[in-house]
Asker: 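Got a structure here, written out as structure tokens. Questions coming.
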Amino acid sequence: MSAATASTPVSVRPRRKIDWAGGLSTFGIVLIVIYCLAPFYWMLVSSLRPDTEIFENTWWPRHVSFENYQAVFSAKNNFGQGLINSLIVSVVVTVVALAIATFASYALARLDFRGKSVLLLVVLATSMFPLVAIIVPLLKNFSAWGWINTYQAMIIPDLSFSLPLAVWNLTSFFRQMPQELEQSAMVDGCTPGQAFRKVILPIAAPGIFTTAIIIFIGAWNEFLVAVTMINNPVMQPATVLLSKFTGASQFNTPFGSQMAAGVIMTLPLVIMVLIFQRRIVAGLAAGGLKQ
Amino acid sequence: MSANTYVPDVNRRSKSSRAQARLAWLLITPTILVLTIVIILPVFQSLRQSLYGKAGLDPETGFVSDVEPFVGLDNYTAIFTDAGSRFWTAAWNTTLFGVVTVVLETILGVAMALIMHRAMRGRGFVRAAILVPWAIPTAVSAILWGWIFNQNGVANAILGQHIMWASGNATAKLAIIIADVWKTAPYIGLLTLAGLQVIPDEVYEAAKIDGANAWKRFTRITLPLVKPALVVAVLFRALDALRMFDLPYILIGPRKGSVETISMLVQDEASNLRYGSAAAYALILFLYVFIFAFAFTRITHADLGATAPRSGGRRGRRLPATVFLPRRSPSAVGASGAAEPTERSAS
């Protein structure tokens, strides 16, 4: 792009080059945004079409209708209960994983003890684990204990991916804080525990919050565990219910209400992403990269 | 004043270091316990389960017996017989999805990151837009792409075709790849962008003055400097792609040979109570993923947990070692010091 200007001392040239590059990158940005949002836009538009016009591929529905949204919440779909189930599972998974991981990551990031790097490696290894490798024994155990169709049958396996993620993320957040924090607290007479509670935890709150969002989204999106452990529609989370929506007849897929349900399930996450995008990016970068 | 508080500290040094280690283990125990319960024990149970067959009918009572017969390695050797054809299809699909999606995502993601890095305007908006595919639940995106690839859907309308995407072998695979790349290329782009942003501008300016053109600057500066970040992002994505489940399960359907992955095969076997073969296939996948991750980190010198925490922790450790805990055992510091050169050469 800039090779042409290598040896041109004329002052007009560079300005035109900058405009070119600016125009090109604006074009690229527009492409990226369309790429990311077009399918979501299509879901939104389709959900607003009345059933008779569902196969019309116009850019905007001719008649905006909310009948699909009403259909989603009809008694036979059980979708309201599914959203509640998803919420219960996601909140509990987030709270439990954070509570346990905050302590562990503080120790891993700030304290000195033997076996620390081995532990970090174990945590990293478990976060790369294929979930199906543990689903068989868990399914067997849970059915022996009568846990099929219970919340704990979803929550406990979900910890296998949320806990390592939380430990990994929080460790990198804790490590970014200046070490002098506890030192000065301890010079002032705090025990390590007090230094953690009174000094570190309040400062770490943003990092903990970021991790909470990422874990919540992961748990909200979970499908494999739920579809394996839960066969009672009353207990199924929204992801599983959505995949099993049936229409009026067996051969009639209710695309309109599927799209409406998809919008309902996604909109809270999209709003969360819009509000906290900066934090989420920081969290993803901390989890995926060495800082 | 400060001298007064410092003197008693001298006597408490070794005690406080032991107290620190004790506190550390206390804080870590819950995590170890949970990980043991949800991962480590189940893996060993899987290992044992994979040696057992399906419970048959009890010859005396005629009822379904609850004793599963020990079959040794039969579940593993079954992949070389007729039953294995389904496994090999699934293994091939898993590999295909893993390789193709990750390669496409990496190319697209890096391109996105380069564009976003240059762009000045609307950065916040773009960042939010790019997070949308990541935040959409896979189940929802599978339904959404199923709708797009419907026979009367918008994909066919745009192409002017009447392709039955879900029923064709190649088109079903293509639909999965497109849907997966859409969802995760932005994620790679985001992580690559984070890597790009730590490269100082002076490096580029110096290269420009030396006469390096845009392509040279990209291959000689950008790629090597962003590589550590990119390699980790690609590894995480590849591991995710190798255990792909929801997307093909919902978009095309369960028990569809065209897109069945090993994860789907395991889940199907388990839900049909064939626990033994399910466990065997799961462990084969586990081994596959493990070998892949090991080879990948070796080949690319990916800078993962082994070095990252040490280099970071060292910085934190050095201060208390000199100020607070001068009698720390040198082994920990020495170990991280020894790891330092290899880490440097890797990055």
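All chains are named by letter (A, B, ...) in the order of the sequence lines, taking the proteins before the strands, and each is independently numbered beginning at 1.
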Asker: Side chain, backbone, both or neither: which part of Ile143(B) has a non-hydrogen atom closer than 4.5 Å to chain A?
Answerer: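 Both parts, backbone and side chain.
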Asker: Going from CG on Leu111(A) to CG on Leu23(B), what distance comes out if it is rounded to the nearest 0.5 angstrom?
Answerer: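 Nearest 0.5 Å value for the CG-CG distance: 5.5 Å.
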Asker: Identify which part of Phe276(A) has an atom lying under 4.5 Å from any heavy atom of chain B, answering side chain, backbone, both or neither.
Answerer: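 No part of Phe276(A) comes within 4.5 Å of chain B.
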Asker: Could you look at Ile130(B) and say if it's the side chain, the backbone, both or neither that has a heavy atom under 4.5 Å from chain A?
Answerer: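 Contact with chain A involves both backbone and side-chain atoms of Ile130(B).
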Asker: Which one, Ile37(B), Val140(B), Val266(B), leads in non-hydrogen pairs under 4.5 Å with chain A?
Answerer: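 Winner by heavy-atom pair count: Val140(B).
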Asker: Identify the heavy atoms of Phe40(A) and Leu144(B) that sit nearest to each other, and give their distance.
Answerer: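 Nearest pair, atom of Phe40(A) first, then Leu144(B): N-CD2, 4.3 Å.
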Asker: If you count heavy-atom pairs under 4.5 Å between each of Ala135(B), Ala21(B), Ala185(B) and chain A, which one has the most?
Answerer: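 The residue among Ala135(B), Ala21(B), Ala185(B) with the greatest pair count is Ala135(B).
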Asker: Taking side chain as everything from C-beta outward and backbone as N, CA, C, O, which of these in Ile280(A) sits under 4.5 Å from a heavy atom of chain B? Side chain, backbone, both or neither.
Answerer: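 Just the side chain, heavy atoms under 4.5 Å.
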Asker: So what's closer than 4.5 Å to chain A heavy atoms on Val154(B): side chain, backbone, both or neither?
Answerer: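 Interface part for Val154(B): both.
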Asker: By a 4.5 Å heavy-atom criterion (distance strictly below it), what part of Asn150(B) contacts chain A: side chain, backbone, both, or neither?
Answerer: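 Looking at Asn150(B), just its side chain touches chain A.
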Asker: Step by step, work out the side chain to side chain contact (heavy atoms under 4.5 Å, CB included) result for Trp147(B) and Met259(A).
Answerer: CA-CA 8 Å; Trp147(B) 167 229; Met259(A) 292 304 115; 3.4 Å; yes
Asker: When rounded to the nearest 0.5 angstrom, what is the spacing between CZ in Phe103(A) and OG1 in Thr29(B)?
Answerer: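 Going from the CZ atom of Phe103(A) to the OG1 atom of Thr29(B) covers 12.0 Å.
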Asker: Report which part of Phe286(B) has an atom under 4.5 Å of a heavy atom belonging to chain A: side chain, backbone, both, or neither.
Answerer: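 The answer is both parts of Phe286(B).
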Asker: What option among Trp134(B), Phe125(B), Trp215(B) has the most heavy-atom pairs under 4.5 Å with chain A?
Answerer: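 Between Trp134(B), Phe125(B), Trp215(B), the count favours Trp134(B).
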Asker: Please give me the minimum heavy-atom distance between Leu285(B) and Pro130(A), naming the atom from each residue.
Answerer: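 Smallest interatomic distance, heavy atoms only, reads CD2-CB, 4.1 Å.
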Asker: Between Trp25(B) and Phe113(A), how do the two ring planes meet: parallel, tilted or perpendicular, split at 30° and 60°?
Answerer: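 Ring orientation of Trp25(B) relative to Phe113(A): perpendicular.
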Asker: Only pairs of heavy atoms separated by less than 4.5 Å count here; which of Pro30(B), Ala270(B), Ser46(B) has the most with chain A?
Answerer: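 The residue among Pro30(B), Ala270(B), Ser46(B) with the greatest pair count is Ser46(B).
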Asker: When only pairs under 4.5 Å are counted, which of Ile156(A), Thr266(A), Leu31(A) shares the most heavy-atom pairs with chain B?
Answerer: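 Option with the top pair count is Thr266(A).
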Asker: Report, one line per pair, each donor and acceptor closer than 3.5 Å where one atom sits in a side chain of residues 131-139 of chain A; sequence neighbours left out.
Answerer:
none

Asker: Is Tyr249(B) in contact with chain A via its backbone, its side chain, both, or neither, using a 4.5 Å heavy-atom distance?
Answerer: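 It is the side chain, since no backbone atom gets that close.
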Asker: Check each atom of Leu108(B) against the heavy atoms of chain A and say whether the ones under 4.5 Å are side chain, backbone, both or neither.
Answerer: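 Only the side chain of Leu108(B) comes within 4.5 Å of chain A.
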Asker: How close do Val181(B) and Tyr35(A) get, heavy atom to heavy atom, and via which atoms?
Answerer: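 Val181(B) and Tyr35(A) have their closest heavy atoms at O-OH, 3.2 Å.
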Asker: Within this structure, what is the CG-CG distance for the pair Leu108(A) and Leu27(B), rounded to the nearest 0.5 Å?
Answerer: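 If I round to the nearest 0.5 Å, the distance is 9.5 Å.
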Asker: Tell me, side chain or backbone of Leu119(A) under 4.5 Å from chain B's heavy atoms, or both, or neither?
Answerer: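 Looking at Leu119(A), just its side chain touches chain B.
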Asker: For chain B, which of Ile214(A), Leu274(A), Asn141(A), Val240(A) has the most heavy-atom pairs under 4.5 Å?
Answerer: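 The candidate making the most pairs under 4.5 Å is Asn141(A).
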Asker: Let's test your reading of the structure: which of Met272(A), Glu222(A), Lys244(A), Lys140(A) forms the most heavy-atom pairs below 4.5 Å with chain B?
Answerer: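 Top option by heavy-atom pairs under 4.5 Å: Lys140(A).
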Asker: Using non-hydrogen atoms and a 4.5 Å limit, figure out which bit of Leu242(B) sits close to chain A: side chain, backbone, both or neither.
Answerer: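 Contact with chain A involves no heavy atom of Leu242(B) at all.
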Asker: Heavy-atom distance under 4.5 Å to chain A: side chain of Ile39(B), backbone, both or neither?
Answerer: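 Both the backbone and the side chain of Ile39(B) come within 4.5 Å of chain A.
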Asker: Report the distance from atom CD1 of Ile28(B) to atom CD1 of Ile100(A), rounding to the nearest 0.5 Å.
Answerer: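 Between Ile28(B) CD1 and Ile100(A) CD1, I get 13.0 Å after rounding to 0.5 Å.
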Asker: Highest number of heavy-atom pairs under 4.5 Å with chain A: which of Thr138(B), Leu190(B), Leu131(B)?
Answerer: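 Counting heavy-atom pairs under 4.5 Å, the top option is Leu131(B).
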Asker: Looking at chain B, which one of Leu224(A), Leu269(A), Thr228(A) has the largest number of heavy-atom pairs inside 4.5 Å, strictly under?
Answerer: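 So the answer, after comparing Leu224(A), Leu269(A), Thr228(A), is Leu224(A).
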Asker: Name the option with the most non-hydrogen atom pairs under 4.5 Å to chain B; the candidates are Leu242(A), Val263(A), Thr102(A).
Answerer: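 Top option by heavy-atom pairs under 4.5 Å: Leu242(A).
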Asker: Please report the interatomic distance OG1(Thr239(A)) to CG(Asp246(B)), rounded to the nearest 0.5 Å.
Answerer: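 Those atoms lie 8.0 Å apart.
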Asker: Work out which heavy atom in Pro137(B) is nearest to a heavy atom in Met265(A); give both atom names and the distance.
Answerer: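 Pro137(B) and Met265(A) have their closest heavy atoms at CG-CE, 4.1 Å.
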Asker: Select one option (side chain, backbone, both, neither) describing which atoms of Trp145(B) are under 4.5 Å from chain A's heavy atoms.
Answerer: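 For Trp145(B), the side chain is the part near chain A, not the backbone.
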Asker: Using every non-hydrogen atom in the two residues, find where Cys36(A) and Ala129(B) come nearest and quote the distance to one decimal.
Answerer: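 So the two residues come closest at CB-O, 3.4 Å.
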Asker: So do Val96(A) and Val34(B) actually touch side chain to side chain, heavy atoms under 4.5 Å?
Answerer: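 No, every pair of side-chain atoms sits at 4.5 Å or beyond.
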Asker: Checking Arg127(B) side chain against Arg278(A) main chain: does a donor-acceptor pair fall under 3.5 Å?
Answerer: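 Not confirmed, Arg127(B) side chain does not pair with Arg278(A) backbone.
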Asker: Is chain A contacted by the side chain of Leu283(B), its backbone, both, or neither, given a heavy-atom distance below 4.5 Å?
Answerer: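 No part of Leu283(B) comes within 4.5 Å of chain A.
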Asker: Using non-hydrogen atoms and a 4.5 Å limit, figure out which bit of Ala111(B) sits close to chain A: side chain, backbone, both or neither.
Answerer: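 Neither part.
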Asker: For Asp188(A), what residues pass the side chain to side chain donor-acceptor pair (under 3.5 Å) criterion, not counting sequence neighbours?
Answerer: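 So Asp188(A) forms no side chain to side chain donor-acceptor pair (under 3.5 Å) with any residue.
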Asker: If you tally heavy-atom pairs under 4.5 Å against chain A, which of Val198(B), Ile136(B), Ile262(B) wins?
Answerer: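 Maximum pair count with chain A is reached by Ile136(B).
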Asker: Under the criterion side chain to side chain contact (heavy atoms under 4.5 Å, CB included), which of Val289(B), Val38(B), Val43(B) is the partner of Phe129(A)?
Answerer: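 That would be Val43(B); it is the only one of Val289(B), Val38(B), Val43(B) passing the side chain to side chain contact (heavy atoms under 4.5 Å, CB included) with Phe129(A).
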Asker: Which one, Trp220(A), Phe27(A), Phe55(A), leads in non-hydrogen pairs under 4.5 Å with chain B?
Answerer: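 Maximum pair count with chain B is reached by Phe55(A).
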